[in-house]
Amino acid sequence: MSGRLVLAAALGAAVLAPLVAPTYQALLMLPFMAYAVALLGLNLLFGYTGLVSFGHALFLGIGAYTGAFLTSVFKVRSMEVILVAAAALGALVAAPVGALCVRYVKIYFGMLTLAFGMVFYTFVLKFYRLTGGDEGMPFLRPALLGRSLEGLSKIDYLVGPYYYYSLAVLVLATLVMWRIVRSPFGLCLKTIRDNPTKAETLGIGVARYRWYAFVISAVYAAVGGALLGPPTGNVDPTLAYWTQSGNIVFMTLLGGFASFFGPVLGAFVFIYLQDWVMSIVPFWRLIFGAILAVIVIFAPGGLAGLLTPRPAAAPRP
Amino acid sequence: MTAHVVNLVVSGVFHASILFLVSAGLQVVFGVQKIFNLACGSFYALGAYVGVSAVAWYAEAGGPPALFILPLAIAGVAAGALGVVVERGLLRFVYDRDETFQLLLTFAVVLMMEDAIRMTWGTSPRSTAGLYLTYGGVHVLGTTVPVYNLIVIGASLAIAVLIGWLLTHTAFGCIIRASADNREMAEALGVDMRRLYAKVFTLGTALGTLGGALVIPATAAMSEMGIELIVEAFAVVVIGGLGSMRGAFVGALIVGVLRSIAISVYPELEMLLIYLIVIAVLVLRPRGLFGGAPA
C-alpha cells in the first residue's frame, strides 16, 4: 500500500515540479523522463529476461535521429508522428538484429549487441553528408498534439507543454510496461530468465520470447531517444556510443534491476547526481565509476534493493 | 603503386602490433579468469601517458635520444603494476558473481580511469616531440618506412613468441593453461587461485600498458584513446576467438591491415567494415577463428 502512496507522491511532485521548482531543475526532468522510458524497456530485457545488452544506445540513437531527420529534412514537425516513426524504425531494426542476438546469452549476447551498436555509431559518425557527422543534426521544435507552439520561448516551451507531454509519454509507457510484465508473457520471460531449460520443457519458445522482449525494449529505447532530442535541439553520435550503452545499464543497476520502478529511480538519481557532481568537480566519471564499483560489489540490488527491507528475490541476469 | 602498398602494409602491421599487445592482455585475462576486461583500453591509455611522462623526464635528465625506447618500455611495463591494485582492490570481490557484474565492474574502472588520467595529465593531447623519427627511416621499394615502426613490429613479434614459449614451456604457463581449462581441477591439484589471478591480471594489464607506451612516439596521448581502442581490441578477440593467443595474433593482423586499407581506399568504411566482420564472425562462427566452445 505504501508503495502506491510513494508512487502517487512521486507523480504529484513531477506534475508540480515546473510550477514550484527552479526552471533549471525542471529542465533536468526532461532527460530523466526520456531515459526513464528507455530504461523501462531495457529492464524488460535485463531484469525480466536476464539478457544484458551493451548496445542499447543503438536504439536511443535511432529514435533521436528519426526525430532529427523528420523535423529538419522532411519538415515533419508533429511529435506524435515522430514518436510513432521512432517506435516503428526501432522495431524494424530490432527485428533482424534481435533475431541474431537472441541466439546467444550472457557475454556473447552482450558482445553482439555492442558490435551492432558500434556499426550504427560509425555509420552516423562517418556518413557526415547524411547525418552531419560528429556535429550532429538539428532536432527542430516539434509540434505537440497538432499545436505548433512556435510563439513560446524555448524555456517556456520546454518546461511547459513539452514537459507535460514527456510526462504523459512516461506515464503511458509505464502503464503499458506494467501490463506487459504482469501478463502471462511477462511471467514467461521471468521463467526464461530463471531457468531456460525448464521454460523450454514447459513449451515456451525461449528464443522467440527473448526476441519479443528485445524488440519491445528497442521500441522503448527508440521512443526515449526521440524524447531526448527536443531539450537540446541537437542530436549527435555520442548518443549511440558504446559508453552510452554502458551508462544506461549503469542507471538500471543503480536503481535496481530487480524492481519494476528501479530503473526509473536509477535514471532520476543518475541525472540529478551527475548534474550536482559536475557543478562541484568536472570529474564526474571518477565519482560515478566509484559509485558503480560500490554498487556492483556491495549492493547488486541497487537503490531499490536497499530501500526494500525484504530479501530481494534478486534474479541473476 | 608498390610504394603505396608498402606504406599501407607497414602502417597496418604497426597498428596490428599494438592491437596484439592489448588484445593479448584481454585474452589472457579472459582465458583464465573468464572476465571480459573492458578496462584493458584504459590500461592502454594509462601506459601511453606514463610513457610520455617517462620520455619527457628522460629527455630532461639528458639521456641520449637514441635510447629513449628503454625508459619508454620500462615505464610501460611498470605501469602494469596497477593491475594488481585493480584485481586485489576490486575484481576479487566478484569472482563468484554473474559475468554481467564482472563486466560492469570493469566498466566502472573504465569510467574512473578516464577521469583519473584527465586529472593527472590534463585534457589536452600529449605527445613526445619528434622522437618518432629519431631512428630515421629505411627506403623500401620507393618509399620511406620509419624505423621506429619496424622496431615496434619486431618487439611485438618477440613478445608473441615469448608468450607462446611462456604458455607452452614453463610451469607457470602450464598452470595458466590448466586453470583456463578446468579451474576446479587445477585448484584441487594445489594451484593457489588467488595468487594466480593476481599474476594473470597483472600480466594482462602490463601487456596493455606496454602497448600504450609503445604507440606514443607515433601518435599523441589523448584521454579518449582507451575507450576507442577497446572496441578495436574487442573486434580482434571476437574475430580471433575469445581466450586464444593465436586468435589475438591473427585477429590483430586482420583488423590492423584492413583498417589501414579501408582508411586509404574508402575512409567512411574504416570501422564499419571491421564491425561488420565482427558481426559476421559472431553469427557464423561465434567461437572465432581459434576459440574454444562458446559459453
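Note that the coordinates shown come from a computational prediction; the quantities given were computed from them, not determined experimentally. Each chain gets a letter, A, B and so on, in the order the sequences are listed, and its residues count up from 1.
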What is the minimum heavy-atom distance between [X] and [Y], and which atoms define it?
X        : Y        : result
A:Tyr108 : B:Leu282 : CD2-CD2, 4.0 Å
B:Tyr275 : A:Ala115 : CB-O, 4.1 Å
B:Glu99  : A:Ile107 : OE2-N, 3.3 Å
B:Met112 : A:Ala293 : CE-CB, 4.3 Å
B:Val283 : A:Tyr104 : O-OH, 3.4 Å
A:Val119 : B:Leu272 : O-CD1, 3.2 Å

Heavy-atom proximity to chain B below 4.5 Å, by part of [X]:
X        : answer
A:Leu112 : both
A:Phe120 : neither
A:Ile287 : neither

Do you know which of [options] has the most heavy-atom pairs with chain A at a distance under 4.5 angstrom?
options                                : value
B:Val94, B:Val278, B:Val231            : B:Val231
B:Leu276, B:Ile227, B:Val110           : B:Ile227
B:Leu273, B:Leu103, B:Thr106, B:Val238 : B:Leu103
B:Leu111, B:Asp115, B:Ile230, B:Ile279 : B:Asp115
B:Ala235, B:Ala116, B:Ala108           : B:Ala108

Legend entry - Structural part of B:Glu228 lying under 4.5 Å from a heavy atom of chain A: both

Which distance, rounded to the nearest 0.5 Å, do you find between the [atom1] of [X] and the [atom2] of [Y]?
X        : Y        : atom1 : atom2 : value
A:Met118 : B:Glu232 : CE    : CD    : 9.0 Å
B:Leu91  : A:Ile297 : CG    : CD1   : 8.0 Å
A:Met111 : B:Phe36  : CE    : CZ    : 6.0 Å

Inset, instruction - Classify the angle between the aromatic ring planes of A:Phe54 and B:Phe107 as parallel (below 30°), tilted (30 to 60°) or perpendicular (above 60°). - result: perpendicular

Inset, instruction - Please answer whether the main-chain N or O of B:Met113 pairs with a side-chain N or O of A:Arg285 as donor and acceptor at a distance below 3.5 Å. - result: no

Inset, instruction - Measure from the side-chain N and O atoms of B:Arg118 to the backbone N and O of A:Pro282, and report whether any donor-acceptor pair falls under 3.5 Å. - result: no

Legend entry - Minimum side-chain heavy-atom gap B:Phe101-A:Val52 below 4.5 Å: no

Legend entry - Choice from A:Tyr241, A:Phe298, A:Trp284 maximising heavy atom contacts with chain B below 4.5 Å: A:Tyr241

Inset, instruction - Heavy-atom pairs under 4.5 Å with chain B are the metric here; pick the option from A:Ile295, A:Leu114, A:Val249 that has the most. - result: A:Leu114

